[in-house]
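I have placed the structure first, in the form of structure tokens, so that the comments after it can refer back to it.
Keep in mind it's a predicted model, so treat the numbers as computed, not measured. Sequence lines set the chain letters: A, B, ... in the order given, protein chains first and strands last, and positions in each chain run from 1.
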Amino acid sequence: MEYNFRDIEKKWQQKWVDNKTYKVVEDAEKKKFYVLNMFPYPSGAGLHVGHPLGYIATDIYARFKRLQGYNVLNPMGYDAYGLPAEQYAIQTGQHPAITTSKNINRYREQLDKIGFCFDWDREIRTCNPDYYQWTQWAFTKMFTSYYDTAQNKALPIDQLVRVFEKEGNKTVHAATGKVTPFTAEEWNNMTEKEQQTLLMNYRIAYLGETMVNWCPKLGTVLANDEVVDGVSERGGYPVVQRKMRQWCLRVSAYAQRLLDGLDQLDWSDSLKETQRNWIGRSEGTEMIFQVKESDVKMKIFTTRADTVFGVTFMVLAPESKLVEQLTTAAQQEEVDNYVSATKKRTERERIADKKVSGVFSGSYAINPLTNENIPIWISDYVLAGYGTGAIMAVPAHDSRDYAFAKHFDLEIRPLIDGCDVSEQSFDAKEGTLINSPKAAFEKGSKLNLNGLSVAEAITATKKFVEENKLGKVTTNFRLRDAIFSRQRYWGEPFPVYYKEGMPYMIPADKLPVELPEVEHFLPTETGEPPLGNATKWAWDTVNECITENSAIDQQTIFPIELNTMPGFAGSSAYYLRYMDPHNQNALVDEKVNQYWKNVDLYIGGTEHATGHLIYARFWNKFLFDCQVTCTEEPFQKLVNQGMIQGRSNFVYRIKDTNTYVSFSLKEKYEVTPIHVDVNIVSNDYLDIEAFKAWRPEYKYAEFILEDGKYVCGWAVEKMSKSMFNVVNPDVIIENYGADTLRMYEMFLGPIEQSKPWDTNGIDGVHRFIRRLWSLFYTRDGAFLLQDTAPTKEQLKSLHKLIKKVSSDIEQFSYNTSISAFMICVNELMAQKCNSMAIFKDLIVVLAPFAPHIAEELWEKLGATTTVFDAEWPMYNEEYLKEDSIKYTISFNGKARFTLDFPAEADKETIQKAVLENEQSQKWIEGKTPKKIIVVPKRIVNIVI
RNA sequence: GCUCGAAUGGUGGAAUUGGUAGACACGAAGGACUUAAAAUCCUUUGGCUAUUGCAGCUGUGGGGGUUCAAGUCCCCCUUCGAGUACCA
């Protein structure tokens with residue numbers, strides 16, 4: 001009987017649906033295991049062969065865990081909000097909801113063919129109101145919370161208000177924007193608007209005037225991780241800096257916890273490192289420089305406090321508020337010109353053009369340690385958003401300061417013994433300090449760093465600065481607050497309305513605020529975001545709130561928030577919703593959350609390292625503070641699957657002809673390589689007829705063949721339509737079946753590694769499955785297996801397999817597992833094995849990899865239940881024992897021959913036997929061995 | 001520039017974590033079956049030198065080192081990939 005994968009796979013996929021084989025319910029009796037794939041954005045192009053790679057890996061793991069008796073949660077859903085659907089809508093007028101749902105259906109169809117064990121009853125889509133209700137709800141929670149830096153957690157803002165009423169803000173330790181101290185009395189005398197304005201500085205979700213990445217072409221702001229090389233990640237349009245009033249999330253308050261949390265996680269070191277760099281913690285010193293003949297104090301941040309005697313100028317960021325105060329009348333015009341010029345430049349231009357630029361402010365600061373006058377400059381190499389937006393420049397020991405000093409001919413004062421700063425600065429944190437000014441330590445500061453190492457000098461300076469109240473030791477983070485507003489249509493609407501220009505939250509029981517219909521998806525004529533086009537909002541809800549709060553804001557045309565949330569909003573807590581997707585009363589029920597806790601295994605690409613994986617961790621930590629979730633980290637173990645690249649094929653056209661020359665003959669002609677659709681190429685041989693039919697211009701193509709065949713060239717490129725190298729999983733399934741596709745994708749190599757898709761090896765895997773099938777059935781359909789007792793040899797082959805696969809799956813070493821299957825089946829074939837007992841266990845072990853054929857064969861073995869209700873077999877060491885063990889005998893480390901010894905032979909016996917062996921005598925040549933090393937079960941090395 | 005990571009046959013990739021390379025698969029060559037093809041099965045397959053003595057030498061990007069023993073550990077160099085970039 002032939003192995004008919006089409007019928008088998010269809011049959012079982014239907015059975016799984018009918019019997020709800022993969023439905024998961026909470027079961028306190030069983031240990032839980034939560035595996036999760038990063039859910040896909042359903043793009044119009046459908047799935048290509050690279051997408052399922054991670055899903056297959058998780059599927060294997062999920063099935064394996066289920067066989068081990070775990071209650072496994074393996075859900076799937078869609079990150080359905082996003083830019084491409086909206087861009088498409090703008091171009092075609094097609095509503096994004098329609099294209100999105102069409103794309104989802106296509107995805108689902110493709111996914112179903114691969115045979116995953118997802119529990120589709122738990123599917124979520126971020127664009128569904130009963131899902132985004134909880135995104136909105138979490139946002140409201142953030143709005144009504146502040147971050148307490150003493151208790152190190154988020155707390156309700158009501159508590160803070162009560163403190164303000166009693167004590168003002170002097171005793172409050174909170175992560176804030178810029179706030180000045182106030183008393184209880186002052187607070188109580190404020191108008192509501194004033195109080196709200198003040199509270200905005202404390203809220204975790206707050207409305208802030210910030211410099212944002214504005215993309216004019218897309219008409220929206222972008223988060224830092226959405227900007228790559230100064231252009232937008234989507235579309236590659238220029239991005240400029242612009243000050244706007246935007247919703248922000250106080251992610252920076254969690255910087256330290258986000259950093260500390262990494263230590264407990266089972267993630268790859270490189271990914272943790274990426275996150276650490278992104279968080280960018282740096283310990284340093286804040287120092288205050290008094291400005292000469294002024295009461296302005298300049299605060300700077302430095303990690304090199306030890307270089308304070310090498311400061312020869314100060315630099316302010318052009319955006320700094322101090323610029324205005326410090327510019328002297330004489331310099332006013334020049335400074336104005338410079339500041340406005342930098343404003344016009346896009347991020348990209350700033351990066352591309354590394355020319356040194358700057359302008360003198362006219363003012364001088366006083367070095368607090370030497371009382372020396374230091375000129376204050378303004379330059380865009382200092383960033384407003386980091387530290388204090390001002391630096392003390394030490395050209396001798398910082399390359400950027402050095403370039404600036406050289407350009408404007410400022411003094412360079414070396415502080416490290418023996419360093420040469422004539423050509424470049426000496427940035428290394430090593431060496432012995434010199435040049436501490438005598439005047440400084442004799443009279444004023446009494447700080448002498450001469451003779452100290454850099455590390456010692458930093459400590460000494462820090463201590464001195466703190467003791468003399470010249471500043472303080474602080475820690476700075478690179479991680480900024482996340483900008484949370486997007487001027488888009490296709491996203492979650494904010495549950496926010498305005499009163500007197502101040503935002504208020506729509507109460508939780510009135511959520512969700514549904515996304516309204518709009519006429520068209522572009523901004524309004526007055527420049528409002530697309531939601532400004534909405535005529536029919538969820539007006540009832542909104543009106544109710546506004547009426548309840550009496551005064552409708554007359555100043556604002558739109559009393560409701562018109563921005564929508566960014567892409568990462570919906571993906572930040574979706575893993576929690578999978579636990580309890582139909583709950584109407586909560587994001588996730590407390591008990592259900594107690595059961596599933598967090599994701600045990602998360603699989604997805606590294607591209608989310610600084611976006612999703614930071615935001616989701618932040619979001620989860622916030623919900624943890626609110627006692628919504630019971631674990632502080634959402635993803636315990638994370639595996640990054642590599643990207644599948646395309647493998648493009650080429651034909652070579654001889655210049656100015658319609659003749660194509662085969663790969664190895666192409667050197668003889670002048671040729672142009674042309675991409676050819678990989679689907680009409682097999683093992684690099686071109687299907688000539690298909691090629692002629694592919695496009696009209698090739699209809700009369702002629703060929704110069706080698707050995708009667710046309711061989712194509714190839715290259716690894718990104719998988720994309722324009723390279724004609726997209727391989728659709730449906731095609732592979734049609735030709736080989738889902739089980740072959742699954743096993744082949746895993747066989748390709750380690751899942752963490754990026755690799756080109758190459759169909760050349762798929763026959764090997766397919767052959768293996770067919771060979772297995774042929775052990776069950778002859779061609780004529782006779783069933784070959786019998787209820788005979790397995791032989792010792794067969795048991796050994798089987799248990800070797802069980803052992804190998806059990807440990808491989810835990811380490812995601814699926815490619816070697818598949819090799820083990822091939823070896824095992826080959827051995828069983830050679831042994832003419834027909835024992836049902838052997839195959840029963842073999843099928844169970846195979847089931848995670850190739851579920852369809854496993855079910856089919858399981859049924860043939862007489863089972864009435866699904867193979868996934870079986871128990872994962874344990875291997876028995878007894879069967880693996882060898883009677884004799886082969887030792888490699890080497891002399892001075894060079895292997896010479898092998899000898900068999902009984903398994904239980906001890907070292908002395910082996911040593912003795914080896915020395916007495918005839919062949920050994922030949923190698924020893926009568927000398928006395930200096931040393932004999934016996935490595936158990938492996939090697940005997942004789943040193944002569 | 002900085003931070004990670006990698007480099008093994010014609011190809012994808014193995015190697016019990018320091019134990020004597022190249023598992024498994026593809027491809028290729030030869031053979032069996034067949035009128036023929038496909039499918040299937042068998043043999044060979046890192047290189048070099050031998051071959052009616054079943055062997056020898058060499059070999060994991062390059063150069064040094066540690067060790068009885070190095071693809072694996074240490075130092076230097078080369079190349080490639082990923083992330084990040086005026087972060088003071």
Side-chain angles (χ1 to χ4, degrees), chain A residues 2 228-229 268-278 280-282 284-285 300-305 307 315 317 350-351 354 356 379-383 385-394 397-401 403-404 427 476-480 606-607 609-610 640 642-643 647 683-684 714 744 747-750 752-768 770-771 774 779 803-804 807 813 815-824 826 829 887-896 898 929-944:
Chain A
E2 276 295 307
V228 179
D229 292 335
S268 74
D269 289 338
S270 69
L271 187 65
K272 285 187 189 179
E273 199 56 32
T274 306
Q275 288 219 340
R276 284 193 192 106
N277 291 340
W278 189 260
R281 184 192 146 103
S282 73
T285 319
I300 60 96
F301 175 79
T302 180
T303 53
R304 292 292 303 271
T307 59
V315 188
R350 268 174 80 152
I351 292 168
K354 287 206 169 173
V356 178
S379 172
D380 67 358
Y381 85 89
V382 173
L383 304 178
Y386 184 76
T388 60
I391 60 156
M392 61 177 212
V394 185
H397 302 294
D398 181 287
S399 53
R400 295 152 304 178
D401 298 345
F404 195 85
D427 291 13
N476 252 313
F477 292 93
R478 203 188 80 115
L479 185 72
R480 317 285 172 81
T606 13
E607 66 272 21
T610 53
N640 287 120
M643 295 256 270
R647 187 178 186 278
N683 286 354
D684 291 336
W714 60 274
Y744 182 59
F747 187 61
L748 227 40
E752 295 94 335
Q753 217 168 78
S754 285
K755 58 230 152 190
W757 175 262
D758 180 352
T759 322
N760 289 351
I762 199 167
D763 290 316
V765 174
H766 192 62
R767 235 168 258 158
F768 153 76
R770 300 244 298 249
R771 219 174 287 155
S774 75
R779 277 185 186 213
K803 185 178 182 180
K804 176 84 178 132
S807 75
S813 211
N815 54 336
T816 50
S817 285
I818 292 165
S819 297
F821 279 114
M822 291 174 175
I823 295 167
C824 181
N826 283 345
M829 253 176 135
Y887 280 80
T888 305
I889 316 300
S890 5
F891 298 87
N892 289 338
K894 214 159 216 17
R896 291 302 173 184
T898 61
K930 287 180 191 149
K931 217 195 237 178
I932 303 169
I933 293 139
V934 178
V935 180
K937 297 184 185 178
R938 289 192 181 283
I939 282 163
V940 182
N941 190 18
I942 298 155
V943 186
I944 306 164

(message) Taking the C1' atom in each of rU11(B) and rG27(B), what is the distance between them to the nearest angstrom?
(response) 7 Å
(request) Apply the test ring-ring contact (aromatic ring centres under 6.0 Å, His included) to residues F477(A) and W278(A): give CA-CA distance (whole Å), side-chain angles for both, the deciding distance (0.1 Å), then the verdict. (result) CA-CA 9 Å; F477(A) 292 93; W278(A) 189 260; over 10 Å; no
(message) Any heavy-atom pair between the side chains of Y887(A) and T898(A) that's under 4.5 Å?
(response) no
Under 3.5 Å between N/O atoms: give me all the protein pairs with nucleotides 38-47 of chain B, atom names plus distance.
unit_1, atom_1, unit_2, atom_2, d
rC41(B), OP1, R771(A), NE, 3.3

(request) Classify the nucleic acid contact of S890(A) as base, sugar-phosphate or nothing, counting any heavy atom under 4.0 Å across all strands shown. (result) base
(message) Can you check the distance between rG5(B) and rA55(B), where both ends of the measurement are the P atom (answer in whole Å)?
(response) 42 Å
(request) Would you kindly give the OH-to-P distance between Y386(A) and rU84(B), to the nearest whole Å? (result) 17 Å
(request) Can you sort out the partners of S819(A) under side chain to side chain contact (heavy atoms under 4.5 Å, CB included), two or more places apart, ordered by chain and number? (result) F747(A)
(message) Whether the side chain of N815(A) engages the backbone of L748(A) through a donor-acceptor N/O pair (distance < 3.5 Å, no angle test) should be reported.
(response) no
(message) Between rC33(B) and rA38(B), how far apart are the two P atoms, rounded to whole Å?
(response) 16 Å
(request) Specify the separation, in whole Å, of atom NZ of K894(A) and atom P of rG56(B). (result) 10 Å
(message) What does the B/S/- profile of nucleotides 2-13 of chain B look like, 5' to 3', with a 4.0 Å heavy-atom cutoff to protein?
(response) -SS-------BS
(request) Sequence neighbours left out, what passes side chain to side chain contact (heavy atoms under 4.5 Å, CB included) with D427(A)? Give chain and number order. (result) S399(A), S425(A)
(message) Please report the distance, rounded to the nearest Å, between CD1 in I932(A) and P in rA69(B).
(response) 16 Å
(request) For N941(A) and I933(A), indicate whether the former's side chain and the latter's backbone hold a donor-acceptor pair under 3.5 Å. (result) no
(request) Using Watson-Crick or G-U wobble pairs with both distances under 3.5 Å, give me RNA chain B in dot-bracket, 5' to 3', with [ ] for crossers and | for pairs to another strand. (result) (((((((..(((......[....)))((((((.......))))))((((.....))))..(((((..]....))))))))))))....
(message) If I take atom CG in residue L383(A) and atom C1' in nucleotide rC86(B), what distance separates them, rounded to the nearest angstrom?
(response) 6 Å
(message) Could you check whether atom CD of E2(A) has more than 12 heavy atoms from other residues, nucleotides or ligands sitting under 6.0 Å from it?
(response) no
(message) What is the separation between atom CD on E752(A) and atom P on rA82(B), rounded to the nearest whole Å?
(response) 17 Å
(message) Regarding R896(A), tell me which of base, sugar-phosphate or nothing describes its non-hydrogen contacts under 4.0 Å with the strands shown.
(response) sugar-phosphate
(request) Measure from the side chain of F301(A), starting at C-beta and using heavy atoms only, and say which of rU20(B), rA88(B), rC57(B) lies closest. (result) rA88(B)
(request) Select base, sugar-phosphate, or nothing to describe what R276(A) touches, counting heavy atoms under 4.0 Å on all strands. (result) nothing
(message) Counting C-beta onward and ignoring hydrogens, is there a side-chain heavy-atom pair between R896(A) and F891(A) closer than 4.5 Å?
(response) yes
(message) Nearest to the R478(A) side chain among rU20(B), rA25(B), rU84(B), which nucleotide is it?
(response) rU84(B)
(request) Could you tell me whether the side chain of S268(A) and the main chain of L271(A) form a donor-acceptor pair under 3.5 Å? (result) yes
(message) Closest approach to the side chain of T274(A), judged atom by atom: which nucleotide of rA88(B), rA69(B), rG83(B) is it?
(response) rG83(B)
(message) With rounding to the closest Å, how many angstrom separate the C1' atoms on rC75(B) and rC24(B)?
(response) 36 Å
(request) Sequence neighbours left out, what passes side chain to side chain contact (heavy atoms under 4.5 Å, CB included) with R770(A)? Give chain and number order. (result) Y3(A), H766(A)
(request) Let me know, please, whether T388(A) or I939(A) comes out on the 5' side of the other along RNA chain B by nearest nucleotide. (result) I939(A)
(message) Whether the side chain of K755(A) engages the backbone of P750(A) through a donor-acceptor N/O pair (distance < 3.5 Å, no angle test) should be reported.
(response) yes
(message) If we count only N and O atoms by modelled type, under 3.5 Å, do the side chains of N476(A) and R281(A) hold a donor and an acceptor together?
(response) no
(message) Output the rounded distance in Å from NE2 (H766(A)) to P (rC26(B)).
(response) 13 Å
(message) Please report the distance separating the C1' of rA37(B) from the corresponding atom of rA32(B), rounded so that it comes out in whole Å.
(response) 16 Å
(request) Would you indicate what G764(A) reaches in the nucleic acid, counting non-hydrogen atoms under 4.0 angstrom: base, sugar-phosphate, or nothing? (result) sugar-phosphate
(request) Mind calculating the distance between CZ (R480(A)) and P (rA85(B)) to the nearest angstrom? (result) 10 Å
(message) Would you measure the distance from the C1' atom in rU44(B) across to the matching atom in rA7(B) and give it in whole Å?
(response) 29 Å
(request) Determine the contact category for N826(A): base if any of its heavy atoms lies under 4.0 Å from a base atom, sugar-phosphate if only primed atoms, P, OP1 or OP2 are that close, otherwise nothing. (result) sugar-phosphate
(request) Classify the nucleic acid contact of I391(A) as base, sugar-phosphate or nothing, counting any heavy atom under 4.0 Å across all strands shown. (result) base
(request) Pick the P atom in rG9(B) and in rG62(B), then give their distance to the nearest Å. (result) 10 Å
(message) What's the gap between rU43(B) and rC4(B) when it is taken at their C1' atoms, as a whole Å value?
(response) 47 Å
(request) Starting from the 5' end of RNA chain B, give me the residue, V765(A) or A895(A), whose nearest nucleotide shows up first. (result) A895(A)
(request) Classify the glycosidic conformation of rU43(B) as syn or anti, calling it syn when the angle lies within 90° of 0. (result) anti
(message) Syn or anti for rG27(B), given that syn means the glycosidic angle lies within 90° of 0?
(response) anti
(message) What is the separation between atom CG on D763(A) and atom P on rC26(B), rounded to the nearest whole Å?
(response) 8 Å
(message) Please confirm whether the shortest side-chain N or O distance from Y381(A) to OP1 or OP2 of rA88(B) is below 4.0 Å.
(response) no
(request) Classify the side chain of N760(A) versus the base of rC26(B) as yes if they form a donor-acceptor pair under 3.5 Å and no if they do not. (result) no
(message) Measuring only between side-chain heavy atoms, which start at C-beta, is Q275(A) closer than 4.5 Å to T610(A)?
(response) no
(request) Return yes if some donor-acceptor pair links the side-chain N/O of S754(A) with the main-chain N/O of G642(A) below 3.5 Å, else return no. (result) no
